[in-house]
Amino acid sequence: MPRILMTGASGGIGTSLRKLLPPIYPDLLLSDLKPPADLSSQETFKAADLADLAEVEAICEGVDGILHFGGYSVEGPWHDMLQANIIGGYNLFEAARRKGVKRIVFASSNHTVGFYPRHHRIGNDVTPRPDSRYGVSKVFGEGLGSLYADKHGLKVTCLRIGNFGEQPLDHRRLAIWLKPEDLVQLCQIGLDHPDIHFEILYGASFNERAWWDNHRAYELGYRPTGRAEAFREHAMAEQAKMQPDRVADFYQGGSYCSIEYDGDVSRIIDWG
Ligand code: 15L
């Protein structure tokens with residue numbers, strides 16, 4: 001039975017996956033800075049600060065595969081991004097190598113490519129266009145994944161997660177929604193599929209408005225069950241409550257693109 005480490009266990013995705021993973025991976029080690037408030041006696045938890053290599057090595061001991069959901073998960077100050085995602089990301093891959101971990105599933109993000117316009121359909125091989133310091137930190141994580149796969153033989157799957165949740169929250173999220181059970185499928189592909197070397201897959205359910213060509217995930221057996229359009233009415237009603245924003249509404253990354261955006265919106269660039 002493989003021992004799987006999940007970082008970020010107290011965060012949004014971790015909280016949901018803690019419930020869904022045990023039937024598939026019963027030997028699940030949870031980690032975060034602090035334990036989840038509702039940790040049960042059936043669960044195993046070990047605290048670690050990703051910015052501390054020795055602590056990260058300690059949680060990688062005896063582990064076969066890692067689901068790395070830890071770190072900073074939204075735009076934030078450079079210092080926090082540096083500690084949690086840049087230094088933390090390096091420590092995670094390096095500790096995994098030192099401890100002989102075989103596979104890593106890295107939670108990347110749609111914000112690695114957020115400055116592509118919404119009308120432009122992109123694959124997993126486009127030049128990154130990060131929309132934030134957070135997006136840049138995820139490009140760095142994908143770079144680490146590629147390096148540790150090619151140089152050290154780790155099997156690495158980067159998931160460019162769209163928006164994870166029970167339902168799409170607005171117009172933009174109709175294109176990028178990811179149902180929790182579909183994320184579990186993608187994690188299984190990363191942890192178990194025999195053909196993984198280094199992959200970048202989009203973490204999105206079956207969304208008719210998708211901007212992403214995710215055919216590689218389907219080749220690897222991904223069969224999402226979530227369909228964003230089933231929630232169209234709710235998402236559009238929520239959208240109607242929001243203020244129009246020329247930058248956010250044009251680009252895939254939404255409000256991450258308009259945060260700190262300088263100057264004239266006439267310089268919006270149509271890469272397509
Ligand atoms: C992300 O990467 C974030 O982790 C999440 O909180 C959402 O903001 C999501 O992107 C999104 O783009 O909606």
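Since the structure is predicted, the reported quantities are computational estimates derived from the model, not experimental observations. In each ligand, atom 1 is the first atom listed, and ligand 1 is the first ligand listed.
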**Message:** Between the side chains of R98 and E94, is the shortest nitrogen-to-carboxylate-oxygen separation below 4.0 Å, so that they form an ion pair?
**Reply:** yes
**Request:** Please write down residue, atom name and distance for the protein heavy atom closest to atom 8 (O) of ligand 1.
**Result:** Y256 OH, 2.7 Å
**Contacting atoms of ligand 1, where contact means under 4.0 angstrom from a heavy atom of N163** = 7 (C), 9 (C), 11 (C), 13 (O)
**Complete:** Closest heavy-atom approach to atom 10 (O) of ligand 1 among H111, R172, K138 is made by H111
**Message:** Is there a path of hydrophobic side-chain contacts, each under 4.5 Å between heavy atoms, that joins I59 and L30?
**Reply:** no
**Asked** Do R267 and Y261 meet the cation-pi criteria used here (NZ or CZ under 6.0 Å from the six-membered ring centre, within 45° of the axis)?
**Response** yes
**Prompt:** At a 4.0 Å threshold, what atoms of ligand 1 neighbour a non-hydrogen atom of S109?
**Reply:** 1 (C), 2 (O)
**Fill in**
Numbered in order shown, the ligand 1 atoms found under 4.0 Å of a heavy atom of V74 are 6 (O)
**Asked** Taking heavy atoms and a distance under 4.0 Å, where does F164 meet ligand 1: side chain, backbone, both or neither?
**Response** neither
**Prompt:** When rounded to the nearest 0.5 angstrom, what is the spacing between OG1 in T157 and CD1 in I196?
**Reply:** 4.0 Å
**Prompt:** Out of Y202, Y116, W177, which residue meets the ring-ring contact (aromatic ring centres under 6.0 Å, His included) rule with W212?
**Reply:** Y202
**Request:** Could you list which atoms of ligand 1 come closer than 4.0 Å to a heavy atom of N110?
**Result:** 10 (O), 11 (C), 12 (O)
**Complete:** In terms of heavy-atom contacts, C257 and G114 come closest through SG-O, 3.4 Å
**Message:** Measuring from atom 9 (C) of ligand 1, which candidate in G203, S73, G162, G71 has the nearest non-hydrogen atom?
**Reply:** G162
**Prompt:** Among side-chain atoms of K34 and S10, is any donor-acceptor pair under 3.5 angstrom?
**Reply:** no
**Request:** Indicate, as side chain, backbone, both or neither, the part of I161 found under 4.0 angstrom from ligand 1 when only non-hydrogen atoms are considered.
**Result:** neither
